[in-house]
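For the numbers below, each heavy atom of this structure counts, side chains included, while hydrogens, waters and symmetry mates do not. Here is the naming used below: chain letters follow the sequence lines, and residue numbers restart at 1 for every chain.
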There are 2 protein chains.
Amino acid sequence: MSTSDRLIESTRELLWERGYVGTSPKAILERAGAGQGSMYHHFKGKPDLALAAIRRTAEELRAGAERVLGGPGTPYERIEAYLLRERDVLRGCPVGRLTMDPDVVASEELRAPVDETLDAIRELIAGIVEEGKEQGQFAPSLDGEEIAATVLATVQGGYVLARASGSPAAFDAGVRGLLSLLAPR
Amino acid sequence: MSTSDRLIESTRELLWERGYVGTSPKAILERAGAGQGSMYHHFKGKPDLALAAIRRTAEELRAGAERVLGGPGTPYERIEAYLLRERDVLRGCPVGRLTMDPDVVASEELRAPVDETLDAIRELIAGIVEEGKEQGQFAPSLDGEEIAATVLATVQGGYVLARASGSPAAFDAGVRGLLSLLAPR
DNA sequence: GTCTATATAAGGATAGAC
DNA sequence: GTCTATCCTTATATAGAC
């Protein structure tokens, strides 16, 4: 792995663990085993490196979600698979957590990949819900976009509850509750 | 307002805006219009002051939620009132956001009020759902604890989606989606 | 109780040698 | 491309005057 790659990977880890504000160039360099010079040679500075890291993380998250949501099964089963997917619950969402970072939200550039990723996943789910409505699996009264927002929010909020309590139980409970509401009878 | 109170209030604001990691004593002092000495006279340091601020914020949030959830109406109506309650969506939840703060989660003391508050609200909602089941307003197959987690998660995750997109729309969509799933027919 | 030094470390970046 | 040296600012805390 190139030095540039190691820098990006270290930044990704730290952004996930400590967020943008809580991540210092020094910590990144130590984790990557690189010196100051390397970082400022490959990147303009902390925001530039963070942008590269965020883009890579966002891309990965999106690809994973597309894989699960695009899998086999009925619309309900695909949403179920997404919700029950294996997750490192207590670590939270590496993309969603960035929305609590004031400097990320304040930067049009840093926020863009976060927004686009969550939006893309939302659209995917919305399409699946509409599909389920056509097939009679979901009530016609449901709105695809709204349910998609509910699904994503339950996941993102589940991380919050889990981290507050220090246990994944609350995340699982929220997901089960949502599935019980969505379940085709 | 006493100096001690001004320090706590300034800290509350900053914790909400920038989180624990992103809040410096210096910023607190400037906002409170106090000097270094005052802060270290009234509090042992940043963690101690933050604890006082978090406790006050948590207490307020809990009281507000209890007021809305304990209001008049059927179980569904009370949950609806909670979900549709006026919120400063783009600012996010002053308590929930702390779960993304590594230093808060790492501290048993700082995390406790966060956990207790969210848990208390969860229990309140769970009780209301059980009540609704008895009254036949909610399906007997629903689990109060699970639905409560879903409701809270939708709110907490709604903030994430809203902040990602820079608009409250996603929060509102998630809430409407959840209400459409919960709606007694 | 509050203020103004003062202190040590860390944050973030640049310069220039190799 | 990478390293070390250096720089200025901020973070967090202590000391001691008023």
Among [options], which nucleotide has an atom closest to any side-chain atom of [X]?
| X | options | answer |
| --- | --- | --- |
| Lys46(B) | dT2(C), dG12(C), dA13(D) | dA13(D) |
| His42(B) | dA13(D), dT2(C), dG1(D) | dT2(C) |
| Ser38(B) | dT2(C), dA13(C), dT2(D) | dT2(C) |
| Gln36(A) | dG1(C), dT14(C), dA13(D) | dT14(C) |

| task | For Gln135(A) and Thr74(A), test the side chains for any donor-to-acceptor distance below 3.5 angstrom and give the result as yes or no. | result |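 Thr74(A) and Gln135(A) do not have a side-chain donor-acceptor pair below 3.5 Å.
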| said: Please tell me whether Arg12(A) and Thr57(A) have a donor and an acceptor in their side chains that are separated by less than 3.5 angstrom. | reply: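 Yes, because at least one side-chain N or O of Arg12(A) sits under 3.5 Å from a partner of the opposite role on Thr57(A).
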Once you round it to whole Å, what is the distance between [atom2] of [N] and [atom1] of [X]?
| X | N | atom1 | atom2 | value |
| --- | --- | --- | --- | --- |
| Leu29(B) | dT4(C) | CG | C1' | 13 Å |
| Leu49(B) | dA13(D) | CG | P | 10 Å |
| Leu7(A) | dG1(D) | CG | P | 13 Å |
| Asp5(A) | dG1(D) | CG | C1' | 15 Å |
| Tyr40(B) | dT4(C) | OH | P | 16 Å |
| Met39(B) | dT14(D) | CE | C1' | 12 Å |
| Asp103(B) | dA11(D) | CG | C1' | 13 Å |
| Glu30(B) | dT12(D) | CD | P | 13 Å |

| N or O in side chain of Thr3(A) less than 4.0 angstrom from dG1(D) OP1/OP2 |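 The answer is no; no side-chain N or O of Thr3(A) sits under 4.0 Å from OP1 or OP2.
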| Does His41(B) put a side-chain nitrogen or oxygen below 4.0 Å from OP1 or OP2 of dC3(C)? |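 So the side chain of His41(B) is outside the cut-off, no N or O lying under 4.0 Å from OP1 or OP2 of dC3(C).
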| Of the residues in residues 8-27 of chain A, which ones touch DNA chain C at a heavy-atom distance under 4.0 Å? |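 Thr23(A), Ser24(A), Pro25(A), Lys26(A), in order of number.
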| query | Checking Gln156(B) side chain against Gln156(A) main chain: does a donor-acceptor pair fall under 3.5 Å? | reply |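 No, the answer is negative, given that no donor and acceptor are paired below the 3.5 Å cut-off.
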| said: Grouping I, L, V, M, F, W and Y whenever their side-chain heavy atoms are under 4.5 Å apart, do Trp16(B) and Val160(A) come out in a common cluster? | reply: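 Trp16(B) and Val160(A): separate clusters.
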| query | So is Lys46(B) actually on top of Tyr40(B)'s ring, under 6.0 Å and inside 45° of the axis? | reply |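 Not satisfied by the 6.0 Å and 45° rule.
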| request: Taking the six-membered ring of Tyr82(A) (Phe, Tyr or Trp), confirm whether the NZ or CZ of Arg87(A) is under 6.0 Å from its centre and within 45° of its axis. | output: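 The answer is yes, since Arg87(A) meets both limits relative to Tyr82(A).
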| request: In plain terms, say whether Glu60(B) and Arg56(B) are close enough for a salt bridge, that is, a side-chain N and a carboxylate O under 4.0 Å apart. | output: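 Salt bridge between Glu60(B) and Arg56(B), a charged N being under 4.0 Å from a carboxylate O: no.
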